[in-house]
Amino acid sequence: GETGLERSIRWIYFADCLQCVQSEYRMEDYIHGGEFVVLTNRNVTDDREKLMDLIGRMNDYAIAALGINEGQISQTLEKYCNRHRLPLFELPERFPLVDLSQIICKRLVLEENNKNLEEQVFASILDAEHLNRESVLAQARYLKIDLEGSFCVVEFTFDSEKDDDGDTLTAGQDIKHVIEAAFSSAQQAASRPLILPQTGSVLALVSTDRADKKQLKIILTNIIENAAKRYGAVVRAGAGNSADYLEDVRISRREAAAALKAAEYSGSAERIHFYEEQGFYTLISKIDDGRFLDSYVERYIGRLIHADELSGGSLCETLESYLEHNCSAKDTAEALFIHRNTLSYRMNKIKEILGCDID
């Protein structure tokens with residue numbers, strides 16, 4: 001599984017508990033993604049069928065790596081790990097597992113500190129009115145982050161089951177781990193994104209030089225699917241346009257938010273939204289003054305809305321369907337399950353109320 005060595009380790013998990021050999025073992029209660037799993041329980045490792053079933057289910061939840069005592073690794077397990085890019089380590093029995101635990105935990109603490117610094121770098125790019133480019137690049141070089149080239153901001157929003165801030169922030173950290181794992185498994189380690197969890201969303205700064213739009217869409221789809229699978233989270237992603245200069249990353253961030261807002265306006269059922277693809281709804285999303293939109297609606301179809309409210313009618317629905325079907329009377333009547341004559345009556349009524357020729 002050496003082709004998966006770029007996977008990020010989030011924690012170490014010793015899977016030698018008695019629950020592992022019991023039928024009611026619930027994988028989701030123990031595996032949350034990114035674990036270095038250590039398996040030395042001979043009740044499991046000596047039973048090849050049971051071992052392969054357990055590892056298969058763990059890999060479904062995106063563990064980072066696997067460690068098994070020497071002499072207990074079969075060719076079947078080797079082939080499985082190579083096929084699934086799952087790093088497999090042989091653990092010498094003379095090597096105390098407590099030492100392995102200390103090595104990994106110390107490294108994780110160091111990496112967590114660096115990630116906090118990375119978040120600060122990303123936040124400074126987004127928030128600074130007058131960006132000190134040289135200072136940011138110097139910090140990035142220290143953290144071994146490549147900020148040369150073009151980037152876009154992707155915003156991930158998610159539905160949290162609970163409304164309190166603690167749960168929302170925890171959910172944001174969970175989504176962050178899914179994002180890291182997705183870019184890692186996509187072999188984009190050299191261009192790993194900067195990630196910034198916020199309340200209710202997570203931002204990612206993604207290199208558009210190393211991942212084109214098609215590749216990015218594949219990665220975003222993977223993130224959305226894995227977030228749903230592991231955490232039951234409904235995630236949506238909005239991507240801004242590519243920025244050639246760090247000073248313009250703030251614009252891409254606003255565009256990512258606008259793409260999500262435009263999708264909300266349009267009622268889109270899609271989960272991935274690129275700013276450049278939102279068309280007319282992108283223009284609407286850039287209007288900050290809601291009163292302007294209200295007055296626009298009132299001026300053009302206000303009388304039709306009021307007529308429906310007074311009579312309990314469906315003239316607005318009819319007009320919307322008529323326009324959606326390119327002013328085709330036949331297609332509109334079929335979509336609304338009404339007779340052509342009924343549609344003709346409604347359209348004449350609409351034209352009369354609005355005082356204009358819809359066609």
Okay, side chain of [X], backbone of [Y]: is any donor-acceptor separation there less than 3.5 Å?
X      : Y      : result
Glu35  : Gly33  : yes
Ser321 : Thr318 : no
Gln215 : Asp212 : yes
Lys217 : Ile272 : no
Ser252 : Asn241 : yes
Asp331 : His325 : no
Thr45  : Asn41  : yes
Glu70  : Glu93  : yes
Arg303 : Leu354 : yes
Arg250 : Leu126 : yes

Inspect the surroundings of [atom1] in [X] and state if more than 12 heavy atoms from other residues, nucleotides or ligands are less than 6.0 Å away.
X      : atom1 : result
Tyr142 : OH    : no
Arg133 : CZ    : yes
Arg291 : CZ    : no

Quickly, which of Ile125, Leu205, Thr208 forms a side-chain contact (heavy atoms from CB on, under 4.5 Å) with Phe151? Name it, please.
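One option only clears the test, and that one is Leu205.
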Identify the residue among Tyr13, Phe89, Trp11 that makes a ring pair (Phe, Tyr, Trp, His ring centres under 6.0 Å) with Phe36.
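Only match with Phe36 under ring pair (Phe, Tyr, Trp, His ring centres under 6.0 Å): Phe89.
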With the 4.5 Å side-chain cut-off for hydrophobic clustering, are [X] and [Y] part of the same group?
X      : Y      : answer
Tyr245 : Ile145 : no
Ile179 : Leu220 : yes
Leu194 : Leu246 : yes
Leu131 : Leu143 : yes

Working to the nearest 0.5 Å, report the span between [atom1] of [X] and [atom2] of [Y].
X      : Y      : atom1 : atom2 : value
Leu39  : Leu51  : CG    : CG    : 6.5 Å
Glu148 : Leu137 : CD    : CG    : 6.0 Å
His177 : Arg230 : NE2   : CZ    : 10.5 Å
Arg210 : Phe183 : CZ    : CZ    : 12.0 Å

N-O pairing of [X] and [Y] below 4.0 Å:
X      : Y      : result
Glu264 : Arg236 : no
Glu276 : Lys213 : yes
Glu111 : Arg107 : yes
Glu119 : Lys115 : no

Kindly say whether the aromatic ring centers of Tyr231 and Phe158 come within a distance under 6.0 Å.
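Distance test on ring centres: not under 6.0 Å, no.
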Residue pair [X] / [Y]: nearest heavy atoms and the distance that separates them:
X      : Y      : answer
Gly1   : Asn82  : N-OD1, 2.7 Å
Met58  : Ala15  : CE-CB, 3.7 Å
Gly56  : Tyr80  : CA-OH, 3.3 Å
Glu155 : Ala256 : N-CB, 4.0 Å
Ala259 : Gly238 : CB-CA, 4.4 Å
Gln173 : Pro197 : NE2-CG, 3.8 Å

